[in-house]
Amino acid sequence: MMSNVLETRALTKKFGAIVAVDEVSFSLQQGELLALIGPNGAGKSTCCNMLMAQLKPTYGDVILGGEKITGMRPREVWRKGVGRTFQITATYSSMTVIENVQLALISHNHEIMRFLPYAHKMYRAEALQLLELVNMADQADRHCAVLAYGDLKRMELAIALAHNPKVLLMDEPTAGMAPRERVDLMRLTADIVADKGVSVLFTEHDMDVVFAHSHRIMVLNRGQLI
Ligand code: ADP
Ligand code: MG
């Protein structure tokens with residue numbers, strides 16, 4: 001028996017006359033890799049932003065583990081276990097790969113200010129474990145500024161996992177990647193889903209990338225699920 005981790009009910013966002021997301025209802029199951037695909041402008045990012053509480057729905061609801069989280073603040077939703085990777089890369093480029101992951105682990109454990117001076121010593125083993133999960137352990141001590149784009153994306157995935165999310169939202173994580181890298185990231189995500197039992201909603205504009213590795217595919221067109 002699978003259980004619903006995240007659910008939307010008639011989730012809707014209007015921008016003036018544009019209905020960006022139009023009464024979208026779906027559920028994400030425990031341990032599922034669910035792909036949300038659709039052309040540019042279909043409403044994928046708007047939908048993700050409402051799930052993360054970055055954007056307030058015009059109407060409709062978001063339900064996490066049976067609890068209505070609509071209207072909660074982003075930080076609260078994040079604390080409840082909804083994590084995300086960003087379409088725009090957000091990392092500290094002056095730090096090394098492992099330092100970025102360590103910082104995320106420290107932040108997750110509420111100790112950021114108190115322990116900042118000792119950050120380089122903390123959670124090193126845990127950070128290395130996360131980097132192993134995304135096949136980045138061999139690059140742990142490199143500076144982020146010199147990483148290839150695809151490697152940066154994998155480090156971001158490790159950072160998102162440092163917060164031990166129940167649900168991970170990935171809004172076009174393969175944007176800007178070569179076709180081969182895109183399929184690889186998808187496969188890696190599928191492995192992590194299997195390994196950690198996390199539930200992932202993954203948006204993508206290319207059907208081919210998601211076809212082989214996702215458990216289920218939803219198609220969004222002009223704000224509507226088809
Ligand atoms: P996708 O991520 O699938 O490419 P988006 O969710 O970014 O699609 O956009 C869906 C529609 O909503 C588009 O028509 C877009 O122009 C519009 N839109 C998105 N964000 C805004 C905004 N902040 N203000 C006005 N219109 C927006
Ligand atoms: Mg988008």
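Just so you know, ligand 1 is whichever comes first in the structure, and atom 1 is the first atom listed for that ligand. Just so you know, residue 1 is the first one in the sequence shown, and it goes up from there.
Ligand-side atoms of ligand 1 in range of A42: 1 (P), 3 (O), 8 (O), range being under 4.0 angstrom from any heavy atom. If you number the atoms of ligand 1 from 1 as listed, the ones under 4.0 Å from a heavy atom of N40 come out as 4 (O). Of all atoms in ligand 1, listed by their number and element, those nearer than 4.0 Å to a heavy atom of S45 are 1 (P), 2 (O), 6 (O), 7 (O). For ligand 1, the atoms sitting less than 4.0 Å from at least one non-hydrogen atom of P39 are 3 (O), numbered in the order shown with element in parentheses.
No donor-acceptor pair closer than 3.5 Å links the side chain of T12 to the backbone N or O of D22. Of the possible donor and acceptor atoms, one in the side chain of N100 sits under 3.5 Å from a partner among the backbone N and O of T96.
Counting only heavy atoms from C-beta outward, the side chains of E7 and F26 never approach each other to under 4.5 Å. Between L6 and S199, the closest side-chain pair of non-hydrogen atoms is not below 4.5 Å.
The Mg ion (ligand 2) has S45 among its coordinating residues (N/O/S atom, backbone or side chain, under 2.8 Å).
Checked for salt-bridge contact, D61 and R9 miss the test: no charged N lies under 4.0 Å from a carboxylate O.
Ranked by closest heavy atom to atom 14 (O) of ligand 1, the top entry among G41, A17, G43, G16 is G41. When the heavy-atom distances from atom 5 (P) of ligand 1 to T46, L220, L36, V19 are ranked, the shortest goes to T46.
Look at G38 and you'll find every heavy atom at least 4.0 Å from all atoms of ligand 1. Ligand 1 does not have C48 within reach: every non-hydrogen atom of the residue lies 4.0 Å or more from it.
Residues M136 and M186 share a hydrophobic cluster, clusters being chains of Ile/Leu/Val/Met/Phe/Trp/Tyr side chains in contact below 4.5 Å. Cluster membership check: V19 does not share its hydrophobic cluster with L55, using side-chain heavy-atom separations under 4.5 Å among Ile, Leu, Val, Met, Phe, Trp and Tyr.
Counting heavy atoms under 4.0 Å from ligand 1, residue C47 does not touch it at all.
Between H163 and I159 the shortest heavy-atom distance is CD2-O, 3.6 Å.
For ligand 1, the polar-atom distance check finds no N/O of A20 at less than 3.5 Å from any of the ligand's N/O atoms. Looking at F15 next to ligand 1, no N or O pair under 3.5 Å apart turns up.
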